[in-house]
Amino acid sequence: MQPNAVKAVLAHAVEVGETVRVNGWVKSRRSSKGGFSFIAVNDGSCFADLQVVADGALANYNAIAELGAGCAIEVVGTVAESPGRGQDREIQAAAVRIVGAVEEPESYPIAKKRHSFEYLRTVAHLRPRTNTFGAVARVRNAITQAVHRYFDEHGFLWVNTPIITASDCEGAGALFRVTTLPPGSDAPSAQDFFGQDTFLTVSGQLNVEPYCLSLDKVYTFGPTFRAENSNTSRHLAEFWMVEPEIAFADLSDLAALAEDFLKSVLSDVLERCPDDMAFFRDRIDKTVIERLRQVIDSTFVHMDYSQAVDILERCGKPFEFPVVWGADLQSEHERYLTEEHVGGPVVVVNYPKEIKAFYMRLNDDGRTVAAMDVLVPGVGEIIGGSQREERLKVLEQRMTEAVKEELWWYRDLRRYGSAPHAGFGLGLERLVMYVTGMENIRDAIPFPRVPNNAAF
RNA sequence: UCCGCCUUAGCUCAGUUUGGUAGAGCAGCUGACUGUUAAUCAGCGGGUCGCUGGUUCGAGCCCAGCAGGCGGAGCCA
């Protein structure tokens with residue numbers, strides 16, 4: 001008999017009276033010594049547990065009555081209406097096979113009680129057994145599926161850009177070195193595996209642009225790596241990034257894409273994960289669902305960087321860092337704009353060229369570039385993007401000699417059929433935080449990599 | 001990397017002011033209860049007080065160093 005998912009049983013995909021087989025892990029067991037035990041079983045297929053009623057007449061009832069949190073079991077039984085309050089369906093067990101017991105129940109790391117997220121990070125191999133991390137895993141999956149679905153339905157090609165790169169000039173932060181030379185070796189990089197210095201990618205953007213300037217709408221979605229010594233609740237050394245790139249498009253086309261894309265993904269997740277989202281609303285952040293709905297129904301507020309500076313100067317709020325045209329907006333400034341001034345997502349565009357990367361398109365004013373950041377309450381910057389400089393001469397003026405030489409192929413794109421194009425990067429884990437209300441990015445990815453910690 | 005806080009039972013913490021080798025809740029275990037669902041009720045066991053060194057007759061408590069964690073900042077997604 002094929003196993004049935006808990007989700008299918010609870011969704012009435014199986015008729016009352018039918019026999020099913022369910023596999024899963026025990027969440028809790030409540031026994032009535034005289035008669036029978038209630039076993040809450042979770043198999044990850046949905047947020048809810050399935051209640052299994054095990055009668056005292058079962059041959060191995062003594063062992064069943066000792067089941068505790070974490071035990072793996074296989075249940076064969078019939079689906080029944082449940083007279084209890086917490087659920088409308090349950091399983092009357094005909095057999096409960098103990099597949100894997102828990103050694104030393106007292107020290108089982110996921111005891112039947114509340115645990116701090118900080119503690120659960122130290123048992124990252126077992127934290128998906130908890131309600132919270134099961135829900136995060138399902139929502140994260142729903143987000144990634146929604147991302148692919150959106151792009152597929154809108155004619156984008158998923159381009160798999162390389163993880164290993166020889167480019168060290170993107171300016172997106174420090175890089176992890178990739179080498180097969182023995183530790184401590186002072187051999188020249190010409191003797192290394194690739195015959196040159198190589199690194200883990202910080203962004204697929206430079207590699208996706210050639211595909212954009214051949215196939216138009218494309219995106220890359222994969223892991224990226226930053227060796228920055230960042231110790232915050234919003235940074236990881238390894239994180240996943242979604243990077244669409246569109247041709248024959250300018251910054252306003254890009255901002256429109258970002259807005260439509262974000263709204264689509266959010267409503268998709270609300271529709272597909274109602275139980276998980278209800279849990280986040282009840283236990284993590286009371287405003288999540290309402291907040292996401294507001295974003296879906298809103299029109300993103302746009303403002304120029306210069307306007308943003310004006311607003312910040314006039315708001316009369318004492319900031320730790322001064323607001324001056326030409327300096328990048330600080331976290332406190334971004335938070336004020338999105339959380340207090342607007343109370344929703346904000347798209348800030350046209351930043352001073354000095355604080356942005358060489359590939360961003362120079363505006364006609366000669367002092368700003370066509371860059372944008374999408375800021376959201378609670379998380380801050382969730383998307384960063386720009387129209388790319390498609391004019392060879394202007395691009396080269398903003399490159400150093402070394403960069404010009406290394407990115408000869410990137411410059412080639414501006415010589416052979418160049419076209420206006422634009423793209424953005426969205427940090428998946430930041431989106432997971434925003435959608436779930438989880439406050440630490442280390443809880444938005446299964447096994448977080450941060451400075452000084454690559455456990456698991 | 002900088003600033004601040006923290007590290008005591010399986011987990012969350014109290015105990016540090018006034019140095020005299022530790023306490024609660026939850027979890028676990030045992031028992032009671034014919035349908036529970038944060039089950040309830042009664043009882044029981046459980047601790048190299050982060051590590052190293054120092055002061056002292058005596059250190060969880062005072063001092064120094066180190067390690068790890070968390071929060072904020074910078075960098076960014």
(request) Would you state whether a donor and an acceptor, one from the side chain of A:Glu228 and one from the base of B:U1, lie under 3.5 Å apart? (result) no
(request) Measure from the side chain of A:Lys113, starting at C-beta and using heavy atoms only, and say which of B:C11, B:A77, B:U34 lies closest. (result) B:C11
(request) Pick the P atom in B:G60 and in B:G53, then give their distance to the nearest Å. (result) 15 Å
(request) Would you indicate what A:Ser82 reaches in the nucleic acid, counting non-hydrogen atoms under 4.0 angstrom: base, sugar-phosphate, or nothing? (result) base
(request) Write down the distance between CZ (A:Arg29) and C1' (B:G35), rounded to a whole number of angstrom. (result) 15 Å
(request) Taking atom P in both B:C70 and B:A64, compute the distance separating them and give it to the nearest angstrom. (result) 25 Å
(message) For a quick test of reading the model, state the closest non-hydrogen atom pair linking A:Val347 to A:Ala255 and the distance between them.
(response) CG1-CB, 4.4 Å
(message) Please report the distance, rounded to the nearest Å, between CZ in A:Phe319 and C1' in B:G72.
(response) 17 Å
(request) Examine distances only and state if a side-chain atom of A:Arg361 and a backbone atom of A:His421 form a donor-acceptor pair shorter than 3.5 Å. (result) no
(message) Regarding A:Ser386 and A:Tyr351, do their side chains bring together a donor and an acceptor under 3.5 Å, going by distance alone?
(response) no
(request) Answer yes or no: side-chain N or O of A:Arg430 and base N or O of B:C76 forming a donor-acceptor pair under 3.5 Å. (result) yes
(request) Pull out every residue in residues 117-134 of chain A that has a heavy atom closer than 4.0 Å to any atom of RNA chain B, ordered by number, or say none. (result) A:Glu118, A:Tyr119, A:Arg121
(request) Would you please indicate if the ring centroids of A:Phe319 and A:His333 are separated by under 6.0 Å? (result) yes
(request) Just say parallel, tilted or perpendicular for the rings of A:Phe36 and A:Phe38, cut-offs at 30° and 60°. (result) perpendicular
(message) Looking only at the side chain of A:Arg226 (C-beta and beyond, no hydrogens), which of the listed nucleotides B:U36, B:U37, B:C76 gets closest?
(response) B:C76
(request) State whether A:Ser331 places a side-chain N or O below 4.0 Å from either non-bridging phosphate oxygen (OP1 or OP2) of B:G72. (result) no
(message) Suppose you measure atom C1' in B:A39 against the same atom in B:A77; what distance do you get, rounded to whole Å?
(response) 45 Å
(message) Without decimals, in angstroms, what is the distance between A:Met438 CE and B:C70 C1'?
(response) 15 Å
(message) I'd like the C1' distance from B:U48 over to B:A22, given in whole Å.
(response) 14 Å
(request) Verify whether one side chain among A:Thr78 and A:Glu18 offers a donor that lies under 3.5 Å from an acceptor in the other. (result) no
(request) Please determine if A:Arg388 forms a cation-pi arrangement with A:Tyr410, meaning its NZ or CZ atom is less than 6.0 Å from the six-membered ring centre and no more than 45° off the ring axis. (result) no
(request) Would you indicate which nucleotide in B:G74, B:G28, B:G10 comes nearest to any side-chain atom of A:Ser107? (result) B:G10
(message) So, OP1 or OP2 of B:U37: does either fall under 4.0 Å of a side-chain N or O from A:Lys27?
(response) no
(message) Side chain of A:Asn452 only, heavy atoms from C-beta on: which candidate in B:A77, B:G68, B:A39 is closest?
(response) B:G68
(request) Give the rounded distance in Å between these two atoms: NE2 of A:His115 and P of B:U12. (result) 9 Å
(message) Using modelled atom types and a 3.5 Å cut-off, is there a donor and acceptor pairing between side-chain atoms of A:Arg430 and backbone atoms of A:Arg234?
(response) yes
(message) I'd like to know if the side chain of A:Thr436 reaches the main chain of A:Val432, judged simply by a donor and an acceptor atom lying under 3.5 Å from each other, with no hydrogens or angles considered.
(response) yes
(request) Would you kindly check whether a donor in the side chain of A:His235 faces an acceptor in the base of B:C76, or vice versa, at under 3.5 angstrom? (result) yes
(message) Students often get this wrong, so: under 4.0 angstrom with heavy atoms, is A:Gly425 touching a base, only sugar-phosphate, or nothing?
(response) sugar-phosphate
(message) Expressed as a whole number of angstroms, how long is the span from A:Arg30:CZ to B:A38:C1'?
(response) 10 Å
Give every pair of a protein N or O atom and an N or O atom of nucleotides 41-50 of chain B that lie under 3.5 Å apart, one pair per line with the distance.
from  : atom 1 : to       : atom 2 : distance (Å)
B:G45 : N2     : A:Glu106 : OE2    : 2.5

(request) Give A:Glu90 one of three labels, base, sugar-phosphate or nothing, depending on what nucleic acid heavy atoms sit under 4.0 Å from its own. (result) base
(request) Find the partner of B:G68: check Watson-Crick (N1-N3 plus N6-O4 or O6-N4) and G-U wobble (N1-O2, O6-N3) distances, both under 3.5 Å, and reply none if neither fits. (result) B:C6
(request) Identify, between A:Arg442 and A:Glu320, the residue whose nearest nucleotide on RNA chain B lies closer to the 5' end. (result) A:Arg442
(message) If I take atom NZ in residue A:Lys356 and atom C1' in nucleotide B:C75, what distance separates them, rounded to the nearest angstrom?
(response) 12 Å
(request) Spell out, as yes or no, whether a donor-acceptor pair under 3.5 Å connects the side chain of A:Lys353 to the backbone of A:Met360. (result) no
(message) With rounding to the closest Å, how many angstrom separate the C1' atoms on B:C61 and B:U21?
(response) 12 Å
(message) From the set B:G69, B:G35, B:A77, return the single nucleotide nearest to any side-chain atom of A:Met241.
(response) B:A77
(request) Answer yes or no: side-chain N or O of A:Glu332 and base N or O of B:G72 forming a donor-acceptor pair under 3.5 Å. (result) no
(request) Please measure how far the P atom in B:U37 lies from the corresponding atom in B:A27, and state the result in whole Å. (result) 14 Å
(message) For a quick check of understanding: with a heavy-atom distance under 4.0 Å over all strands, which category does A:Asn231 fall into, base, sugar-phosphate or nothing?
(response) base
(message) In this structure, how many angstroms lie between the P atom of B:G74 and the CG atom of A:Asp328, rounded?
(response) 10 Å
(request) Report yes if a donor N or O on one partner sits less than 3.5 Å from an acceptor N or O on the other, where the partners are the side chain of A:Ser230 and the base of B:C76; otherwise report no. (result) no
(request) Looking at every strand, decide which applies to A:Leu431 at a 4.0 Å heavy-atom threshold: base, sugar-phosphate, or nothing. (result) nothing
(request) Quote, to the nearest angstrom, the P distance that separates B:U17 from B:C62. (result) 6 Å
(message) Using a 5.5 Å cut-off between ring centres and planes within 30 degrees, is A:Phe36 stacked on the base of B:G35?
(response) no
(request) Measure the distance from CG on A:Leu329 to C1' on B:A73 and round it to the nearest whole Å. (result) 16 Å
(request) State which of B:C70, B:G28, B:G74 makes the closest approach to the side chain of A:Phe321. (result) B:G74
(message) Which nucleotide wins on minimum distance to the side chain of A:Arg85, given the candidates B:G28, B:G71, B:U37?
(response) B:U37
(message) Checking contacts here: which listed nucleotide (B:A39, B:A77, B:G71) is nearest the side-chain heavy atoms of A:Asn440?
(response) B:G71
(message) Does either side chain, that of A:Asn363 or that of A:Asn350, offer a donor lying less than 3.5 Å from an acceptor on the other one?
(response) yes
(request) Please find out if less than 6.0 Å separates the ring center of A:Phe151 from that of A:Phe261. (result) yes
(message) With nearest nucleotide decided by heavy atoms, which residue, A:Pro451 or A:Leu428, maps closer to the 5′ end of RNA chain B?
(response) A:Pro451
(request) Would you mind checking if A:Arg21 and A:Glu74 are paired as a salt bridge, meaning a charged N to carboxylate O distance below 4.0 Å? (result) yes
(request) Would you mind classifying the nucleic acid contact of A:Gln92 as base, sugar-phosphate or nothing, using non-hydrogen atoms under 4.0 angstrom? (result) base
(message) When you measure from the side-chain N and O atoms of A:Gln51 to the phosphate of B:U36, is any distance below 4.0 Å, counting only OP1 and OP2?
(response) no
(request) Measure from the side-chain heavy atoms of A:Pro105 and tell me the nearest of B:U36, B:C29, B:C76. (result) B:C29
